[in-house]
Amino acid sequence: MSKITFETPVKFVQGKLSKSDSSYFSVRNGKGCLTKCYKQYDGGNSAQQQAARQRFANVQRQVSEELANAEKRAQWEALFALQNQNSTLRGFVFSTLYNESA
């Protein structure tokens, strides 16, 4: 559903107004705009999309397993402290394992 940000009286409206609506509101560069979707794709996932989603799910499961193990978590925390690219430990572990799974 839509998200409304109030500011005398309304600052922005974001999202669709209803599920069947073919247009949605978004905010770009601080300005609200209306976007219409004329031909919404409803053909399911391609084989490449399914493979990408499966890879994501496998890495996500692996991250949870790694962080549940106390010894491995301590190793990951030490590596996380040495870097400054990722802001969260989970994000760091995910990006590292995702790149290794390629």
Side-chain angles (χ1 to χ4, degrees):
M1 292 305 292
S2 298
K3 176 183 174 186
I4 298 175
T5 306
F6 289 101
E7 179 185 273
T8 325
V10 174
K11 184 176 181 180
F12 297 117
V13 176
Q14 292 176 277
K16 288 183 164 188
L17 296 178
S18 69
K19 287 184 178 180
S20 62
D21 199 2
S22 65
S23 59
Y24 63 92
F25 295 93
S26 61
V27 178
R28 295 182 190 152
N29 299 324
K31 295 182 180 181
C33 61
L34 175 66
T35 305
K36 285 203 163 275
C37 297
Y38 293 103
K39 294 183 180 179
Q40 294 182 355
Y41 180 75
D42 193 23
N45 297 327
S46 68
Q48 188 176 11
Q49 287 173 320
Q50 288 175 344
R53 289 182 174 157
Q54 187 62 42
R55 179 181 171 202
F56 183 92
N58 290 341
V59 172
Q60 188 66 17
R61 182 178 29 77
Q62 191 178 2
V63 168
S64 295
E65 291 170 0
E66 292 279 323
L67 293 179
N69 185 337
E71 293 176 8
K72 290 184 179 180
R73 183 181 184 95
Q75 293 172 353
W76 282 113
E77 287 174 348
L79 292 172
F80 176 70
L82 298 174
Q83 61 87 39
N84 58 2
Q85 186 176 1
N86 299 95
S87 59
T88 63
L89 176 62
R90 179 171 283 278
F92 171 69
V93 175
F94 182 88
S95 65
T96 303
L97 295 178
Y98 192 81
N99 292 336
E100 289 176 359
S101 71

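When reading the values below, keep in mind they use all heavy atoms of this one structure, side chains included, and skip hydrogens, waters and symmetry mates.
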Report task. Decide yes or no for Leu17 and Phe25: does some side-chain heavy atom of the first lie under 4.5 Å from some side-chain heavy atom of the second? Result -> yes
**Report entry** Flag side-chain contact, heavy atom, 4.5 Å: Leu97 against Glu100
**Finding:** yes
Requested in this report: In sequence, state the C-alpha distance, the side-chain angles, and the governing distance for Thr96 and Gln83, and then conclude on side chain to side chain contact (heavy atoms under 4.5 Å, CB included).
Outcome: CA-CA 12 Å; Thr96 303; Gln83 61 87 39; over 6 Å; no
Query - Asn86 to Gly91 - nearest heavy-atom pair and separation - result: ND2-O, 3.8 Å
Query raised in the report: Can you name the closest pair of heavy atoms from Gln49 and Gly44 and give their distance?
Result: OE1-O, 4.0 Å
Query raised in the report: Out of curiosity, Phe94 CZ to Ser101 OG, how far, rounded to the nearest 0.5 Å?
Result: 8.0 Å
Donor-acceptor list for residues 59-69 side chains, cut-off 3.5 Å, not counting sequence neighbours:
unit_1, atom_1, unit_2, atom_2, d
Arg61, NH2, Asn58, OD1, 3.0
Ser64, OG, Gln60, O, 3.3
Glu66, OE1, Trp76, NE1, 2.8
Asn69, OD1, Glu71, N, 3.1

More than 12 foreign heavy atoms under 6.0 Å from [atom1] of [X]: is that the case here?
X	atom1	result
Asn84	CG	no
Lys16	NZ	yes
Gln85	CD	no

